[in-house]
Amino acid sequence: MRGGLGVVLLAGCLLGGCAGSGGDDDGGPPKPSCTPTVDPTSAPQYASNIQPIYDRSCAVAGCHASVAPAQALDLTPGRSYAATVRRKSTELFALFLVEPGDPDASYLAQKIRGDAGIAGVLMPNGCPGTPAQGAQCLTPDEIDAIETWILACAPNN
């Protein structure tokens with residue numbers, strides 16, 4: 001009986017070591033939690049408000065859609081959320097494209113506002129004016145919707 005108990009304890013220790021430490025799936029540290037600074041119930045919804053902005057202004061052929069999207073950033077439905085939220089920018093590596101709760105630290109918000117210090121140009125490319133590939137320039141309300149969604153912790157809703 002004593003040998004059996006040792007085997008059970010050893011198995012428990014080994015399994016406990018494999019259980020993980022609460023970090024994210026790639027073994028990194030736990031992701032910080034986000035506390036919304038706006039009411040999430042009144043914030044724009046991802047599927048019905050944010051994705052349609054991407055569809056009109058970003059996920060067009062030759063830009064952030066297709067087999068080889070610009071900056072390897074696919075903003076098409078079903079791919080855009082995972083491609084942006086807590087994903088590093090390929091232009092400014094220190095920033096996430098979308099940092100939930102913080103639009104000023106989100107490179108996506110900086111690019112659509114045209115903030116000083118962005119790499120490249122204001123997005124959508126060609127705005128203000130005639131954007132590339134038939135995209136539409138974002139309105140101030142659309143930029144505000146994206147920023148408000150980020151302030152609501154960028155939920156996938």
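Here the CD atom belonging to Glu91 is positioned 9.0 Å from the CG atom belonging to Leu97, to the nearest 0.5 angstrom. In this structure, Thr130 OG1 and Gln136 CD are separated by 12.0 Å, a value rounded to the nearest 0.5 Å. Rounding to the nearest 0.5 Å places CG of Asn156 at 11.5 Å from CD1 of Ile50. Here CD1 of Ile146 is found 10.5 Å from OG of Ser106. Values are rounded to the nearest 0.5 Å. Rounding to the nearest 0.5 Å gives a distance of 11.5 Å between CG of Leu95 and NZ of Lys111.
Nearest heavy atoms, Pro36 versus Cys34: CD-O, 3.7 Å. Heavy-atom minimum distance, Asp74 versus Ala65: OD1-CA, 4.3 Å. Among all heavy-atom pairs drawn from Leu151 and Gly101, the shortest one is CD2-O, 3.7 Å. For the pair Pro44 and Ala145, the tightest heavy-atom approach, listed with the atom from each and the gap, is CG-O, 3.4 Å. The shortest non-hydrogen separation linking Ala135 to Ser57 is CB-O, 3.4 Å. Scanning all heavy atoms of the two residues, the minimum distance from Ala152 to Pro40 falls at CB-CA, 4.2 Å.
By the 4.5 Å heavy-atom criterion applied to side chains, Arg86 and Pro100 are counted as neighbours. By the 4.5 Å heavy-atom criterion applied to side chains, Leu122 and Pro128 are counted as neighbours. Taking the side chain as every heavy atom from C-beta outward, Thr35 and Cys153 never approach each other to under 4.5 Å. Side-chain atoms of Leu92 and Ile118, non-hydrogen and from C-beta on, never get closer than 4.5 Å to each other. Side chains of Tyr54 and Leu108 form a contact here, defined as non-hydrogen atoms less than 4.5 Å apart. Proximity of Arg113 to Ile143: side-chain heavy atoms (C-beta onward) are separated by under 4.5 Å at one or more points.
Between the side chain of Thr139 and the backbone N or O of Glu142, at least one donor-acceptor pair lies under 3.5 Å. Under the 3.5 Å distance criterion, the side-chain polar atoms of His64 are matched with a main-chain donor or acceptor of Leu73. Although no hydrogens or angles enter the test, the distance criterion places a donor-acceptor pair under 3.5 Å between the side chain of Thr148 and the main chain of Asp144. With Gln110 contributing its side chain and Asp104 its backbone, the two residues share a donor-acceptor pair below 3.5 Å. Put simply, the side chain of Arg87 gets close to the backbone of Ala82: a donor and an acceptor are under 3.5 Å apart. Judged by distance alone, the side chain of Gln51 and the main-chain N or O of Leu75 form a donor-acceptor pair under 3.5 Å. For Trp149 (side chain) and Pro155 (main-chain N/O), a donor-acceptor pair under 3.5 Å exists by modelled atom type. Although no hydrogens or angles enter the test, the distance criterion places no donor-acceptor pair under 3.5 Å between the side chain of Glu99 and the main chain of Ala105.
Under the 4.5 Å side-chain heavy-atom criterion for grouping Ile, Leu, Val, Met, Phe, Trp and Tyr, Ile53 is connected to Tyr107 within one hydrophobic cluster.
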Derivation of the side chain to side chain donor-acceptor pair (under 3.5 Å) call for Thr90 and Gln71:
CA-CA 7 Å; Thr90 58; Gln71 296 295 322; 2.4 Å; yes
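Taking the six-membered ring for Trp, Tyr81 and Tyr46 have ring centres closer than 6.0 Å.
Disulfide check for Cys137/Cys127 passes, with the SG atoms closer than 2.5 Å.
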